[in-house]
Amino acid sequence: MISFIKKIVRKIIRILSTFILKILFIELKITSGKNLNAVGLPIIDKAKGSSITIGNNLVICSKDFSNPLGLNHKTIIRTIDENSKIKIGNDVGISGASICASNDIYIGDNVMLGANVQISDTDFHAIKPLNRRHNRNKEDVQTKSIMIENNVWIGANSIILKGVKIGENSIIGAGSIVTNNVPANSIAAGNPAKIIKTIV
């Protein structure tokens with residue numbers, strides 16, 4: 001009986017979350033495709049003059065029960081500067097990930113973002129120490145576009161840093177910190193992530 005009630009409650013959460021998220025996308029002028037599916041409400045923040053584009057069949061999970069590993073927080077999709085861009089392709093699954101763009105983040109089709117993945121194209125703060133906490137000068141705060149190509153799987157708790165390109169079909173092992181490009185058809189893992197295998 002308890003199991004049946006859980007299933008009903010989770011189905012209601014999914015239906016309500018999806019409905020509310022569709023309204024939020026309209027309000028924020030976010031372009032999204034068909035068959036959006038949300039489990040819990042993500043945090044969506046779109047800076048003035050920026051753009052967020054989402055393809056068909058997005059599954060976006062923000063409830064702890066939506067992923068076997070659990071989630072540290074809701075999914076976050078955020079642009080922080082004017083002209084920032086986030087583009088997410090078709091058939092993408094996101095579980096409690098943070099995607100934050102100052103510049104440009106592209107995520108291709110059939111990409112899986114495991115629990116609590118972080119993707120950010122900016123350092124957020126200046127490297128030089130003088131007034132680091134308050135320095136928002138774009139010349140001092142480094143940013144560089146991120147590209148994640150089709151059919152990439154990024155394992156739980158991985159961090160993808162600015163300027164990285166991950167090639168088609170590649171896998172990033174759980175808990176990795178990716179600081180350099182990963183070629184197509186590769187498995188990379190570690191801190192910093194290194195190529196450990198080629199996918200044949």
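Note that the coordinates shown come from a computational prediction; the quantities given were computed from them, not determined experimentally.
Counting heavy-atom neighbours within 6.0 Å of K63 NZ, excluding the residue itself, gives a total of 12 or less. Other residues, nucleotides and ligands contribute only 12 or fewer heavy atoms inside 6.0 Å of the CZ atom of F19.
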Go through the steps for L24 and I30 under the test side-chain contact (heavy atoms from CB on, under 4.5 Å), then give the verdict.
CA-CA 8 Å; L24 182 61; I30 292 172; over 6 Å; no
Which is it for V59 and I94 under the side-chain contact (heavy atoms from CB on, under 4.5 Å) test, yes or no, and what are the steps along the way?
CA-CA 6 Å; V59 177; I94 303 173; over 6 Å; no
Please assess W153 against N169 for the test side-chain contact (heavy atoms from CB on, under 4.5 Å), listing each intermediate value before the final yes or no.
CA-CA 8 Å; W153 173 18; N169 303 322; over 6 Å; no
Could you walk me through whether N157 and V117 pass the side-chain contact (heavy atoms from CB on, under 4.5 Å) check?
CA-CA 5 Å; N157 300 304; V117 164; over 6 Å; no
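Taking a cutoff of 4.0 Å between a charged side-chain nitrogen and a carboxylate oxygen, E149 and K165 qualify as a salt bridge.
L71 and V92 fall into different hydrophobic clusters, where Ile, Leu, Val, Met, Phe, Trp and Tyr are joined by side-chain heavy atoms under 4.5 Å apart, directly or via other members. With hydrophobic clusters built from ILVMFWY side chains whose heavy atoms lie under 4.5 angstrom apart, F25 shares a cluster with I23. In the hydrophobic clustering of ILVMFWY residues, with side-chain heavy atoms under 4.5 Å counting as a link, I20 and I26 come out apart.
No donor-acceptor distance shorter than 3.5 angstrom exists from the side chain of T198 to the backbone of I187, with no hydrogens or angles considered.
In this structure the side chain of S102 reaches within 4.5 angstrom of the side chain of D81, judged on heavy atoms. By the 4.5 Å heavy-atom criterion applied to side chains, I172 and I166 are counted as neighbours. Side-chain contact check for L161 versus V178: every heavy-atom pair is 4.5 Å or farther apart. Counting heavy atoms from C-beta outward, H73 and S98 have side chains that approach closer than 4.5 Å. Looking at I80 and F124, their side chains come closer than 4.5 Å, going by heavy atoms from C-beta outward. Under the 4.5 Å side-chain criterion, counting only non-hydrogen atoms from C-beta, I160 is not in contact with I177. Here the side chains of K22 and L36 are in contact, with some heavy-atom distance below 4.5 Å. The side-chain heavy atoms of F65 and V39, taken from C-beta on, include a pair separated by under 4.5 Å.
For the atom pair CD1 (I146) and OG (S120), the distance works out to 6.0 Å, reported to the nearest 0.5 Å. Atom-to-atom distance recorded for N37:CG and C61:SG is 7.5 Å, nearest 0.5 angstrom. Note: K46 NZ to I77 CD1 = 13.0 Å, rounded to the nearest 0.5 Å. A distance of 11.5 Å separates OG of S176 from CD1 of I171, quoted to the nearest 0.5 Å. The CD1 atom of I105 sits 7.0 Å away from the SG atom of C100 when rounded to the nearest 0.5 Å. Distance CD/Q118 to CG/N72: 9.0 Å, rounded to 0.5 Å.
Under the side-chain hydrogen bond (donor to acceptor under 3.5 Å, both in side chains) criterion, K162 pairs with D123, sequence neighbours left out. By the side-chain hydrogen bond (donor to acceptor under 3.5 Å, both in side chains) test, S145 is found to be paired with N103, residues two or more places apart in sequence or in another chain being considered.
The shortest non-hydrogen separation linking I154 to I148 is CD1-CD1, 3.8 Å. Taking each heavy atom of P183 and I195 in turn, the nearest pair found is CD-CD1, 3.7 Å. The minimum heavy-atom distance linking L21 with A38 is given by the pair CD2-CB, 3.8 Å. The two residues A184 and S170 come nearest to each other via the heavy atoms C-OG, 3.4 Å. Contact detail for S17 and G40: the closest heavy-atom pair is OG-N, 3.0 Å. The shortest heavy-atom contact between A156 and L69 is CB-CD1, 3.6 Å.
For the side-chain contact (heavy atoms from CB on, under 4.5 Å) with I99, the qualifying choice from T75, I88, I76 is I88, the only one to do so. When the options T79, D104, T122, T143 are evaluated for a side-chain contact (heavy atoms from CB on, under 4.5 Å) with S84, the one that passes is T79.
Defined by atom type and a distance below 3.5 Å, a donor-acceptor pair is missing between the side-chain atoms of N110 and N150.
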Can you list, pair by pair, the side-chain donor-acceptor contacts under 3.5 Å of residues 51-58, counting residues two or more places apart and other chains?
residue: N56; atom: OD1; partner: K34; partner atom: N; Å: 2.7
residue: N57; atom: OD1; partner: N35; partner atom: ND2; Å: 2.9
residue: N57; atom: ND2; partner: D91; partner atom: OD1; Å: 2.9

